[in-house]
Asks: 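My structure is below; once you've seen it, I'll send some questions.
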There are 4 protein chains.
Amino acid sequence: MNGNALSTVVAGQHRYGVRVYYEDTDAGGVVYHATYLRFAERARTEALRELGISHAELLERFTLMFVVQRVEVDYLRPARLDDSLTVVTEPLEVGGASVRLRQDVRGPVGSCAVLTVRLACVKPEEGKPGRLPPRWRAALTGMCDAARFGDKGDNRWIGR
Amino acid sequence: MNGNALSTVVAGQHRYGVRVYYEDTDAGGVVYHATYLRFAERARTEALRELGISHAELLERFTLMFVVQRVEVDYLRPARLDDSLTVVTEPLEVGGASVRLRQDVRGPVGSCAVLTVRLACVKPEEGKPGRLPPRWRAALTGMCDAARFGDKGDNRWIGR
Amino acid sequence: MNGNALSTVVAGQHRYGVRVYYEDTDAGGVVYHATYLRFAERARTEALRELGISHAELLERFTLMFVVQRVEVDYLRPARLDDSLTVVTEPLEVGGASVRLRQDVRGPVGSCAVLTVRLACVKPEEGKPGRLPPRWRAALTGMCDAARFGDKGDNRWIGR
Amino acid sequence: MNGNALSTVVAGQHRYGVRVYYEDTDAGGVVYHATYLRFAERARTEALRELGISHAELLERFTLMFVVQRVEVDYLRPARLDDSLTVVTEPLEVGGASVRLRQDVRGPVGSCAVLTVRLACVKPEEGKPGRLPPRWRAALTGMCDAARFGDKGDNRWIGR
């Protein structure tokens, strides 16, 4: 949808490809633990973009932005330089002013890190929660349902 | 102990000062969410150094290293450019081959982010858990007790 | 060549697509100045990969690695969140144990930053210069010539 | 001034202490090349703060900010995990709307990286150059002279 071959959605799951460069690693020879949060943010941004939700539009049309409220990360196995990773993102729960996502950063032989991320939709001026615009809530809920029940591969859930 | 005025221990709590620079912020005008993991790692390293536990010694004498196994972060309020933050680190639980820490990143008006971090002690060659050397386990347990019961301000718990 | 649609070579110039995420920006609302070095490193790595030169092979077969010896960056205009950038990389000069590259990070309305990077090929054990393996020197020289004289679009210069 | 023991000025040179943590390193086992720009920015910010020039005041009172216009870095020897570095900053040249600094990142056995950084003073709204406020220009020029001719150790040049 954005011409990025690395970003696709199937059955309510968004997949995003990431290559590991030196910048992502540390002297332990593996991907630095905070780097997974950067990978997850890239994937999340592209997942939202696929749903037709861009940071820019959210801010300009609705004066809203997503902020990270809570993150949990389980580190399962190290990823290394030159590894080609896939971040699989799926919504777990969509609330009126928040969304909870699961993001699995998969390496060549299995999951490297699994994140649960809670994003809140806020009005940046006031720092207060703001309700998700209905079209976007519908898109996220549709993605949620597709992940849970499977979809027919027709991306119906994108809701546009 | 390391000549760093920014790192002190009182009553089982380690305090470490951090200033926010441009590198730490994002276009939202606040500290980027993954940056708190970097701040916490700096504080943790200095807390362990105060206990007489250096990465280098752990690796060279015992062929052991700490790896992050799980992180939880709650983001409470944004920190901003030029803010002077204090990371307060205290051990919550000391196991045979792991330690769980609470790290509170405090800004001018209260906590910005609270992390719970589980570190595992591993043998990097084999990728298997390795038991914490007794002196270090004692130091961490002492810090834990001091945090729980208070200490007499004499840093007895440092155990050397 | 590596299945990455974002990495292509035409007429001795390697092009690599980069999207700007929050992680790349700072509180000034623009891409943080050190971020361009990270973008350039990603592009460089993919450019070398296109030439058949991987970090891993260089290290394992020849016990050699590239290190950055000198960087010059001119910052021309700011890139911003969500911008889609292209890093255009071309070799300027290929020596026996070094290569000098020009990397132009282009945004929607023109160059954001232009880098000149000198990489040295070293033996990491000894920290001494090591000669570029002939096949790789040829590939880099070919890319250099193609950039200078134009090529027929047949990627002849890749030299394999 | 800021109670930071790690930041001092002597004879027109500002010294700032930096410790190397995992976040600063890469899989090559050394400090990642772009990290030196982050270290230099920290040091620069503290050097300007010592001169009584804070980002916040510059922006609020004068609607001006410093932006990096050009950076040159020579990488001389690798710094490593746990190293304690000193960034020595001195102004080379002070213009009406810009300043050129030399920043030397010194490790235990000598310089690791030497940077030359040209900062421009700009009006962020318009993206145009803005003249340095006279007091600040005087402070920077004083620091420049002190570096060149030596001072009597009384920090006279700070100009307050």
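Since this is a predicted model, take the numbers as computed values, not measurements. Residue numbering restarts at 1 for every chain, and letters A, B, ... go by the order of the sequence lines.
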Asks: To the nearest 0.5 Å, what is the distance between CG on L51(C) and CE on M143(C)?
Replies: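 Atom-to-atom, L51(C):CG and M143(C):CE are 5.5 Å apart.
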Asks: Enumerate the inter-chain donor-acceptor pairs under 3.5 Å for chain C and chain D, one line per pair.
Replies:
unit_1 : atom_1 : unit_2 : atom_2 : d
Y32(C) : OH     : E41(D) : OE1    : 2.4
E41(C) : OE1    : Y32(D) : OH     : 2.4
Q69(C) : O      : Y75(D) : N      : 2.9
R70(C) : NH1    : D74(D) : OD1    : 3.1
R70(C) : NH1    : D74(D) : OD2    : 2.8
R70(C) : NH2    : E72(D) : OE1    : 3.0
V71(C) : N      : V73(D) : O      : 3.0
V71(C) : O      : V73(D) : N      : 2.8
E72(C) : OE1    : R70(D) : NH2    : 3.0
V73(C) : N      : V71(D) : O      : 2.8
V73(C) : O      : V71(D) : N      : 3.0
D74(C) : OD1    : R70(D) : NH1    : 3.1
D74(C) : OD2    : R70(D) : NH1    : 2.8
Y75(C) : N      : Q69(D) : O      : 2.9

Asks: Taking the side chain as everything from C-beta on, heavy atoms only, tell me whether F66(D) gets closer than 4.5 Å to V122(D).
Replies: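 Answer no - side chains too far apart.
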Asks: Could you go through V20(D) and L85(D), starting from their C-alpha distance and side-chain angles, then the distance that decides it, and tell me whether this counts as side-chain contact (heavy atoms from CB on, under 4.5 Å)?
Replies: CA-CA 8 Å; V20(D) 177; L85(D) 309 176; 3.7 Å; yes
Asks: Using a cut-off of under 4.5 Å on heavy-atom pairs, state which of V30(D), V71(D), L59(D) scores highest against chain C.
Replies: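 Result: the option with the highest number of such pairs is V71(D).
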Asks: Measuring only between side-chain heavy atoms, which start at C-beta, is V105(D) closer than 4.5 Å to V114(D)?
Replies: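 Side-chain contact under 4.5 Å: no.
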Asks: When rounded to the nearest 0.5 angstrom, what distance separates CG in L58(C) from CG in L48(C)?
Replies: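 Reported value, rounded in 0.5 Å steps: 8.5 Å.
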Asks: Could you give the distance from CG (L119(C)) to CG (L140(C)), rounded to the nearest 0.5 Å?
Replies: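 Rounded to the nearest 0.5 Å, the CG-CG separation comes to 9.0 Å.
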